[in-house]
A.B. asks: 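Dropping a structure here in structure tokens format, bear with me for questions.
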Amino acid sequence: MTGVIPMTTRRPAPRRPSSAHLLTRVRDRSPGLAAGLAGGAVAAGLGLGSLTVLVMVLWISSPYPDSGPGGALHVAAALWLLAHGVELVRADTLSGVPAPVGVTPLLLLALPVWLVHRAARDAVDADEDGLAPPVSARTAWAGVVLGYLAVGAGTALYAAGGSLRPSWAWTVLGLPTVVALSAGTGVWTAYGCPRGPVDQLLGLLPRRTRRVVLGPRGREKLLVAVRAAGAGAAVCVGGGAGLVAVSSVWHGDVAREAFLRLTEGWSGRCAVLLLCVTLVPNAAVWGAAYALGPGFALGTGHAVGPWGSDPAPVLPPFPLLAAVPDAGAGTPWNWAAGVVPLAAGVTMGWFVGRGGARWSVRRTAVIAGVAATVCAAALALAAGMAGGPLGVGALARFGPVWWQVGGAALAWGVAVAVPVAVVVRVCGGWVTRWRTAAASKAAAEAASEAEVKAVTEGTAKAAASRAAESAEPTAAKATVGKPTARKATARKAAEPSRAKPAKSASPAQPSAPAASSAPVKSPAPATSPTTPVGAPRDGSALRKQTVTPEAAASPSPRTPRKPPESDAYDLLPADEPVEDVWRDEALRARWDALRDELRKRTPDPDAPAGAGQEPPAAEAGGGPRPEPPAPPAAPDRGTP
């Protein structure tokens, strides 16, 4: 009996996912908005925490603190809001009237802007390893802005209970604006700076300006204009900082006295020093406004400019305020501040002229005007944030006026940058054409030199080849003109055998026909029927070759057939000297006699018919023709 074993299908035990796998799943399932919210909240917390630590350190080190830890925390929250451009209101004044504080430290503004920009850029790509898909631009931007504003709203509510309370109008307008712009630049940078959002913003410009900027090569023109405007603004602000430094050194005694009078102790002096450092960018913008012409105000009705300065009201002693010029009419030293905007305009014109080398003069001027406009807008924005009210009454206007600074910067830019850009463009065209002509001339000279060199080398090579060709025939003639001993020996051995009669002929035999007794002529070459064998190529004297009847009837086995190479002697030109191989005079004489006899019997093809021909020796059926006498045998060259 066969037993049946029941089999149950068991599912394998689930594998415990690793921490990396869980993290990947969490990243895949977590929405991009949550990551953006967390990034914005962290950025706000970092900025707020930094200022809180700084304020708490100063409060702890202060020998005479006028409030507790709560007051220090309220001050830290108010300073964080002030760094975003939010205007504060000081409630505990001597007059009981709240006094606004609207001067934003520009150095503190750089901290939240950088933190929000970094958070938005990181929120676009939540996974650095590429496992999770990137977050969309709108989602990342919205998450960072909402997360940051959530922390900002809580901070504003907390700061409202302190001595420095935020203005709700500025809190609603200023804080979201700074956060939205910073997050937008971060997302735009993370996506590779696409052109679409920029084109949408440029669509708000006037039609003519938009046509220039968004026309052919619009991106290139815009980049040149923005680069030139940035360079001009940097030169202007840097020049303003230089003016402040020079004036501070000039009024060094007043600045030192103000620094010592403000507070006593190292903690208070460190606080004043930190406050001066945070306000250095503001002072640089004030110096730029002074150099541009409008100057700045130290209260209502107290303007300070290069053309003249009104007496300033009673101000608290502060080291940076010691750099303010003395009251009175301007001097040439004050007017010398105009070098700063002049240098800024020249810088903008130089950038535009060098960048528009392929543009027309009119287009170059238009782009220079666009650069001047952008620079003026940037300086107006900086002037608006660097100044503001410090109280009521006389201190309600403190610092430069933004629209005055912007107008003056635009006037300087159009008056200086446009002509400089046109001049640089024209001179650059001349320099380019001169360089092109110089390069063409140099190329032509190089080509001519190469051609002359090639011709010289070719001439030298041709001369060398001709010399080699002339040397080869001379060597060949010297070699051909001297036949080898073997050829000479074969020729000498063949001549006597040709003259001897054939031994195989019997007297009882009938004689051969007369026609057969005639000397056998060598066949003419195939190329010319009238040219005998052995005719030289240059048309010189002919050397005819014949064969005797005896030799033709019974060739001697000891007599070798004349090899084809023996024709080399017959083919030699007659005008060239040939070495005489016939050293025996008797043999020469016998050979000359035989040659003369053969010439008599050989008909001349050029002679007329019947002329110079001998009649036949016998009629048909007659007796045999007498044979020519054989030349005497050559003496044995071996006998002494």
A.B. asks: How close do Ala159 and Ala77 get, counting heavy atoms only, and between which atoms?
C.D. replies: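 Taking Ala159 first and Ala77 second, the nearest heavy atoms are CB-CB, 3.9 Å.
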A.B. asks: Suppose we call two aromatic rings close when their centres sit under 6.0 Å apart. Are Tyr148 and His84 close by that rule?
C.D. replies: yes
A.B. asks: Is any side-chain heavy atom of Val113 closer than 4.5 Å to one of Val178?
C.D. replies: yes
A.B. asks: For His74 versus Tyr158, what's the shortest heavy-atom pair and its separation?
C.D. replies: CD2-O, 3.1 Å
A.B. asks: Below 3.5 Å, can you tabulate the donor-acceptor pairs from side chains in residues 370-396 to any protein atom, sequence neighbours excluded?
C.D. replies:
unit_1: Thr373; atom_1: OG1; unit_2: Gly369; atom_2: O; d: 2.9

A.B. asks: Evaluate Trp307 against Trp335 for side chain to side chain contact (heavy atoms under 4.5 Å, CB included), listing each step before the verdict.
C.D. replies: CA-CA 7 Å; Trp307 309 107; Trp335 303 337; 3.5 Å; yes
A.B. asks: If we only count heavy atoms from C-beta on, is the Leu108 to Leu51 side-chain gap below 4.5 Å?
C.D. replies: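 They are in contact (side-chain heavy atoms under 4.5 Å apart), so the answer is yes.
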A.B. asks: Looking only at heavy atoms, which two atoms of Cys236 and Val340 are closest? And how far apart?
C.D. replies: O-CG1, 3.6 Å
A.B. asks: Taking all non-hydrogen atoms of both residues into account, name the closest pair between Ala72 and Val55 and its distance.
C.D. replies: O-CG1, 3.5 Å
A.B. asks: Do Tyr290 side-chain atoms and Gly240 backbone N/O form a donor-acceptor pair below 3.5 Å?
C.D. replies: no
A.B. asks: Considering all heavy atoms of both residues, which atom of Phe351 and which atom of Ala231 are nearest to each other, and what is their separation?
C.D. replies: CE1-CB, 3.7 Å
A.B. asks: Under the side-chain hydrogen bond (donor to acceptor under 3.5 Å, both in side chains) criterion, do Thr185 and His117 qualify, and how do the steps go?
C.D. replies: CA-CA 6 Å; Thr185 56; His117 175 87; 3.1 Å; yes
